[in-house]
Every structure is written in C-alpha cells, then in structure tokens.
Asks: 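Let me begin by handing over the structure; questions about it come next.
Chain letters run A, B, ... following the sequence lines, proteins first and then strands; every chain starts at 1. As a basis for the values below, the full set of heavy atoms in this structure was taken, side chains included, without hydrogen atoms, waters or symmetry mates.
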Amino acid sequence: MKLEKEKHDKREKKKIKLSSKDREKEPNGKHKPSSKVKQSDSPSAVSSSAVKCEAGDGDMHEDVKADPSERAQHDGHEKSGSLEINNNIEKNNNKQKTQSKSSKERHNRKEKSEQTADVKPVDGDSNQADEGQGCESEATRKQETDEPQAAAPVKIKKKKVKDEKSPDDKNQPSGKKRKKQSPEHDKAEKSKNIERDEDDKKKKKAKKEDKKDQESDKWKWWEEGKLSDTQKWSSLEHKGPYFAPEYEPLPDNVCFCYDGQPVKLSPATEEIASFYAKMLDHEYTTKEVFQNNFFSDWKEEMTPKESELIQTLSKCDFSQIHKYFVEKSEERKNMTKEEKQVLKDEASRLTEEYGYCLLDGHREKIGNFKLEPPGLFRGRGEHPKMGKLKKRIQPEDVAINCSENSKIPEPPAGHRWKRVQHDNTVTWLASWLENIHGRPKYIMLNPSSKLKGEKDWQKYETARRLKMRVNSIRKQYRRDWKSREMKIRQRGVAIYFIDKLALRAGNEKDDESADTVGCCSLRVEHISLHRRLDGQEYVVEFDFLGKDSIRYYNKVPVEKQVFKNLKLFIKYKDPEDDLFDRITTINLNKTLNESMSGLTAKVFRTYNASTTLQDQLNKLTTEDMTVEEKILSYNRANRAVAILCNHQRAAPKTFEKSMQLLQEKIQKKKEQIEEAKKELKEAKKAHKDAPSDKSKKLLEKKEKAVQRLSEQLKKLQLQETDREENKVIALGTSKLNYLDPRITVAWCKKHQVPIEKIYNKTQRDKFAWAIDMTDENFQF
DNA sequence: GGTTGCACTTAGCATTTGCGTA
DNA sequence: TACGCAAATGCTAAGTGCAACC
C-alpha cells in the first residue's frame, strides 16, 4: 500500500512540475486536442480510462487508440506474434502522451486502487539452486587463421604511396598513354621508378612488421585468469582527460543584433549565443521549451548590462553568427588535401598522447578521452531540460582515478584536480558531474579493452545460464498469474512481458526527464485490451514511448489468464495510473535473482536476442547459398532481433534517392543481360552454321558474359532487398550489445563466410575474444 | 524496505572517412 | 580526380542495477 502511495506521490510531483500546457503540445509546439484530458477531468470518467475493454467476459469493443493508418504493420515475427514497427518514426516517436490530472483526483484514484488489492500473502515463490558461475572457458580454443584486418591497411597504404608522389609525378599521365621522352629522360624516370618501388617496398615491409608486432602484442586476456569480481586492476596509469579547446571570440565583423541594433557581447555571453546560433538550422530551436531553457540559462551568464538590455529571445538576431559558422564549416570541407592531413596528423597525435592508458602493464585504448565540450543540452523526445546550458568542465570539476605508484596526470597549468583517488574496484579513469542533471559522467576504456570484454563475456554466460533455467522460470510465472496476492500476479505478468516481448525493466525515473516507460512503469493508458482483434483472441495493444523516446507499438495475442489479469489490474484505475502498481524493478529483480543468481530483467533481452539469432540463422542458412545470400540471411536474422528489441532508426535522408539509383542500376543490368543473351544466340547460330575454334571461343565468351551479368544482377537485387528491409531498423545496437558474438563467429566458420563481411574493424576489435576462442560447433 | 548515489551498459543521432563511379 | 553516398566512428543521452545508507 505504501509502495503504491509513494509511486503515486512521485507521479503527482512530476505532473505538478511539468505544466499541463507543455504536456498537451505536439512536438512542433502546436496544441493538440486532447480527448483524454476531457475524459479524466470528468468525475464520471473514473473507471472508464483510455484502456478500453469489455464489460465482463462477453463481446468486446475493439478500440484502437491511435489512427490505424499511422501504424505500419509488420508481420511474420515469430516471438511476439505480431510486432509492428511504425515506419513513420519521426512522426510517431515524437508523439506525446496527453496527461493531466488534478492532485485531488489523483488522490481519489489511489484510494480506489487500494480497493482492488488482495493482501492475503501466499508463499508461491520457490527458491532454486544456482548453477555454475562466471565465465566458462570454451572447450576448443582455435587460433584465428584469417587476417581480417589486412584489407583496410593495404588500401590505406596504396593511397599513401599515391599521395607521396612528387608534384611532378602527380601531373604525369601514367602507363601506356605516356608520350615518348628522350632516352635521358627515360633513364631518369626509370631510376625514379626504381627508387619509388624500393621505397614502396620498404614502407610495405615496415607496415607489415608493425602489424605483426601489433598482432603479437595483442593482449589475449581471455587466456589468463580473472583478478576478482571486486578488484578491476592492479596498476593503472594515464594522462588524464583532454580538455575542450578554449572559446575563440567572433571576428569584429560578425555581429549579434538585438532589436535590430548590433550589440558587442562579452566573451562568455557571446560563446553561449554561438551555441544557439550553430543550432538555428535544427528543429530544436523552434521548440518553446528549448527556447525558454536556453534564454533563462543565457541570461544567468550575461553581465548586468547585457541582462538589462536583452529581454526577449524573439528580438535576438543570431543570423550573422549562424552564417559565420556555416561558412567556417564550408571552409573546412573545402580544405586542400594537405590542410586536411595536418588536422588529421594533429588528431592522431592527440589520440596517441591521451587516447591510451597502461592497465596492468598493457596498453589499452580509452573510449572517450576528450571531455565533453560546452554547449546546449539536446535531450531526446520531449525533454523538459532541452536547451539548457551544458557548462564548460574545468579541471577543478574532474576526479582522477589511477594507481598510487603511477605517474599522476598533470592538471592544466594553474589548475588542480577536484581529487585524485586510487580505487581499483572501479574501472573509470576520470569523472565529473554534469550540470544538467547533476549526474556523474566518466572516462572509461574502449570496448576492445580487457575490462569491457571480460564483462561482456560474462554477460553472455549469464544469458546462457538462463537458457538452462528458463523453463522452470516460465512455469513459475504461470503459477503466479493465479496467485491470491495481487503483487505476485502483477509480477508474474510483468516477467511474462519481459520474457515474451523483451521489454526493458522500466525503473522509476526522476522528475525532470522525458516521459518514457519500461515494463514496470507502464501505465494504464499504454495498453488497450481486445477480446478479439484481426482474427486473434486476447490481444494486448501496446503503445508507449520507451528509451530515447522511441515508440513501442505492438499488438500481441496473450494467454487468457494474462488477459484476465490485465483487466483486473486496470479496474478502477485512470489512464495515468501505473499498470503494475504493486511492483518495482527492485523487487522484480530480487525475485528473478532468487530463481537464478545474477538474473535480472535485462538478462532476458540478451537471452532472447541471442536465441533468436541462433534459431534464425539455423533456419535461414543452407549450404548451397552464395556468400552474398548467406550475408542476406545473417542480416535477416539480425533484423528479427532488432525488431524484437525495438531498435529503430530514422530512415536515412537519402533513402528514396539511393533506392531509386539502385533500381535504375538493376534495370540497366537487366537490359545488358538481354543484350548479352541476344549476342549469345547469334554466337550459337554462327558456331552451328560454321563451327571453328574461333566461333567456339566466341560462344564460350558470350556464355560467360551472360553468367557474369546474371550474377551481378542477383547481387544488386539482394542489396535492394536488404536495404529496403533495413530502412527503419537499426541492426548495429543488437549486434553490439545483445548478440553473443560466438554465435556469429561459429556461423561464419561453419558456412565459410569471412568474418569481416559481418563485423567491421571496430566490431572485430570488440569481439576479439570471441573470434579467437570460438569454433564452428559453438552453441549458445 | 525504501531511497539515493554511483558505476556501468545500451542507445540513436551526428560527423567523418573512404569507396565506387562518372 | 571530384563527387556523392554508405559505412564507420564519435559523441553523449538515457537506460539498468547494485550497494550503502537511513
């Protein structure tokens, strides 16, 4: 009861903070009509809620909350029955849920909700023994025979050699087209060429050796033992973070204008103005919340004189500043190769100096060694803090973590660190508090590092352990659906959703963030119940904004008991009430941990994603396929996971155009094939009429041409299918975070697909442990 | 048992790089 | 060689979950 009250109070607090005016607005700032507000404002609406369900077990009103035309159907999804991804992401992701309620009404609602509780404790949970822990070592550890990284450096080398030509050489026509020169000139040219070739060879050799060194230097931490769960390192040394460059004031000819008059701003005020000016092209600056947050934070940084003068944002003219930055960006784009190379060299130097640390004697790459520069906060979705000023991080804000006996990083001249600590139970190198939410941020290692890799490996091992326990866990949550205790029923249904739909846990959120939810924080307004829908029984329609304000829309047939429970959970509740008001992620995870050590809601996502990949790969791959077809199968399996996990992306801006180009290419190829076939027919006839060696050769040539063109066509068509199917689906997130890489490596080895066709360089670095240790027999 | 802070993973968008093609 | 595009990489927001504390 107390828990429910607290949940309610929290929500209440949040609602008060977020003005109803803001909440009822569409992302574009326009007010949208809100029937839901009306409904909940009326006292008679108390039990009617946005969730429509039948009265009793009889016929049901089949109500769909949003315009069905807005929802793209996506069928054929095995796991959830019918997962639907909305193609119109931009539109739908920004869709805001209308919510408004007076606190008095909310209080009444809480009391009503209390009436629904059965509080007879039933001991339904069974503790189950743990299984093996930690990272299992693979039975077979095979050395990687391919050199997946070879391709890219060779190409770079080629280009470099080309670039190193003297200016004279650059202008010389090459090869056969060269004009005849004098013998002296030829001789000089020849010796030049020899020189160049030798130089080339030397460089190639050096590079090869470098690479060899790097390979042999590569730390195979997975072949060593782990320190302990708490101790993360024995020694850690680094250079500290790299600070963002100081602000460069605008040239005198670039003016900020207020009320039509040019105003020279102080450097601090001007810097913040430049943050806004840079974003003028972006939709953010059209949003009222963004504008208000920016303006109030900006005002705080102004001098008293500036603050007195600048009273309204609408009178501020940033256009000159905006133009200046656009021009600067153009200039950068139009730099010569040499100028670009200077910048590139400087960046490499920085990475070399700050981008690596020494961890237990091994050189490890740092993930983010550059401190975040100041700017304006860009939240995702309808974030109440968008537009606020992200302040410049000073050395005095930064805590350093390294070993006691190491060389302590030097703070910038005239400054000192916030503190220097030597805590080997954490993995971060530096940390600071960001000023928007007051939360800590960290500088940590790259995913290719031991610390990250080990944790990743462990994650997949936990998911594999779940595979062994999942049947008994499923039996248990089915039993819980019939518990006499409301809390246990809710928990049973929540775990069912987490398992079946790969929903996130849904922790309680602080008051000042976008209104997004996960499983445990679902509200009544996020589901609609349909006794029958599209020929299926007991359908739950989900519609809510999840992490990053990505819309989750799905119509799922569920078991009858789940459906009945959901009806019970929403009884006497209003749209904004919690669907699972008796549980939190903490007690849900506690229950899961009792079933299996290390089990949390998150593990189900990893487990279901990896299982789906393995099943789909088995189903979609056959031996007679070409490598291209196998890759398409892999992408399809990957896509099934991305759909399950609801990993969406905005369609690429150039999507339509590039598809059109591809289609034109396909058409052209088809025409070429037709032409080639005609020629083949003629060659056949010629050979039949007057057989000779020449005619035979010609015939063979034409046959090969048709075959080659047909293969090219097939490749293009596969590309077209793949691209179309990937339009709004992001494959990368699941590949990097949810799919046990050993499944991929085993599949590549079994089906002779080069690993670099599936994993790029970064991914191969991250999954080096899996690539090294996995053979083709690996089973998740 | 709940709250809070901290440490870490997961996530999509923005920017840069480099490849294929005209 | 320049250009346009897709892929790769970088950036940082937004989640999860644990442990200390009350």
Asks: Atom CE of A:M279 to atom P of B:dC13: distance rounded to whole Å?
Replies: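 About 15 Å, once rounded to whole Å.
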Asks: To the nearest Å, give me how far apart CZ (A:R551) and P (B:dG12) are.
Replies: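 Rounded to the whole Å, the gap is 16 Å.
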Asks: Applying ring pair (Phe, Tyr, Trp, His ring centres under 6.0 Å), name anything that partners A:Y242, two or more places apart in sequence or on another chain.
Replies: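 By the ring pair (Phe, Tyr, Trp, His ring centres under 6.0 Å) rule, A:Y242 matches A:Y354.
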Asks: Would you call A:R465 and A:E461 a salt bridge, using N to O less than 4.0 angstrom?
Replies: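 A:E461 and A:R465: not salt-bridged.
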Asks: For nucleotides 12-18 of chain C, give me one character per nucleotide, 5' to 3': B if any protein heavy atom sits under 4.0 Å from the base, S if the only such contacts are to the sugar-phosphate, - if neither.
Replies: SSBSBBS
Asks: Could you check whether A:D765 and A:Q763, counting side-chain N and O atoms only, form a donor-acceptor pair closer than 3.5 Å?
Replies: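 Short answer, no.
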Asks: Which residues satisfy the ring pair (Phe, Tyr, Trp, His ring centres under 6.0 Å) test with A:F325, sequence neighbours excluded?
Replies: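 For A:F325 there are no ring pair (Phe, Tyr, Trp, His ring centres under 6.0 Å) partners, ignoring immediate neighbours.
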Asks: Just how far, in rounded Å, is P of B:dT10 from CG of A:L739?
Replies: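 Checked: the CG to P distance equals 11 Å.
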Asks: With sequence neighbours excluded, tell me which residues meet ring pair (Phe, Tyr, Trp, His ring centres under 6.0 Å) with A:Y276.
Replies: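 By the ring pair (Phe, Tyr, Trp, His ring centres under 6.0 Å) rule, A:Y276 matches A:F294, A:F318.
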Asks: In whole Å, what is the span from the CG atom of A:L736 to the P atom of B:dA11?
Replies: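 Between P of B:dA11 and CG of A:L736: 10 Å.
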Asks: Taking CG from A:N334 and P from B:dT16, how many angstroms apart are they, rounded to a whole number?
Replies: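 Going from A:N334 (CG) to B:dT16 (P), I get 14 Å.
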Asks: CD of A:E339 versus P of B:dT16: gap in Å, rounded?
Replies: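 Result: 16 Å.
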Asks: Within this structure, what is the CG-to-P distance between A:N646 and B:dA11, rounded to whole angstrom?
Replies: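 Atom CG in A:N646 sits about 10 Å away from atom P in B:dA11.
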Asks: Taking only N/O atoms, report every protein-nucleotides 5-8 of chain C pair under 3.5 Å with atom names and distance.
Replies:
unit_1	atom_1	unit_2	atom_2	d
C:dC5	OP1	A:K657	NZ	2.5
C:dA6	OP1	A:S658	OG	2.5
C:dA6	OP2	A:T654	OG1	2.9

Asks: If you look at every strand shown and take non-hydrogen atoms under 4.0 Å, does A:K385 touch a base, only sugar-phosphate, or nothing?
Replies: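 No contact.
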Asks: Assess, by modelled atom type and distance only, whether the side chains of A:R378 and A:Y284 contain a donor and an acceptor separated by less than 3.5 Å.
Replies: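 No - no donor-acceptor pair under 3.5 Å links their side chains.
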Asks: If you look at every strand shown and take non-hydrogen atoms under 4.0 Å, does A:S431 touch a base, only sugar-phosphate, or nothing?
Replies: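 Contact class for A:S431: none.
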Asks: Considering residues at least two apart in sequence or located in another chain, which fulfil the side-chain contact (heavy atoms from CB on, under 4.5 Å) criterion with A:K455?
Replies: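 Partners of A:K455 by the side-chain contact (heavy atoms from CB on, under 4.5 Å) criterion, ordered by chain and then number, come out as A:Q458.
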Asks: Excluding sequence neighbours, so at least two apart, what forms side-chain contact (heavy atoms from CB on, under 4.5 Å) with A:K547?
Replies: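 Result, side-chain contact (heavy atoms from CB on, under 4.5 Å) vs A:K547: A:R504.
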Asks: Does A:D548 have any side chain to side chain donor-acceptor pair (under 3.5 Å) partners at least two apart in sequence or in another chain, and if so, which?
Replies: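 Testing A:D548 for side chain to side chain donor-acceptor pair (under 3.5 Å), a comparison that skips the adjacent residues, returns A:R380.
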Asks: Can you name the residues that form a ring pair (Phe, Tyr, Trp, His ring centres under 6.0 Å) with A:Y607, not counting sequence neighbours?
Replies: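 With sequence neighbours excluded, A:Y607 shows a ring pair (Phe, Tyr, Trp, His ring centres under 6.0 Å) to no residue whatsoever.
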Asks: In terms of side-chain heavy atoms of A:N737, which of B:dA7, B:dG12, B:dT10 is nearest?
Replies: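 The answer is B:dT10, which lies nearest to the side chain.
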Asks: Hey, which sits more toward the 5' end of DNA chain B by its nearest nucleotide, A:W428 or A:D456?
Replies: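 Checking each residue's closest nucleotide, the 5'-ward one belongs to A:W428.
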Asks: Contact class for A:K333 (heavy atom, under 4.0 Å): base, sugar-phosphate, or nothing?
Replies: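 Since no nucleic acid heavy atom lies under 4.0 Å of A:K333, the category is nothing.
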Asks: So does A:T584 get a side-chain nitrogen or oxygen closer than 4.0 Å to the phosphate oxygens (OP1/OP2) of B:dG2?
Replies: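 False: A:T584 side-chain N/O out of range (4.0 Å or more) of B:dG2 OP1/OP2.
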Asks: State whether A:Y442 places a side-chain N or O below 4.0 Å from either non-bridging phosphate oxygen (OP1 or OP2) of B:dT9.
Replies: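 No, because none of the side-chain N or O atoms of A:Y442 sits under 4.0 Å from OP1 or OP2 of B:dT9.
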Asks: Once you round it to whole Å, what is the distance between C1' of B:dA14 and NE2 of A:H282?
Replies: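 After rounding, the reported distance stands at 9 Å.
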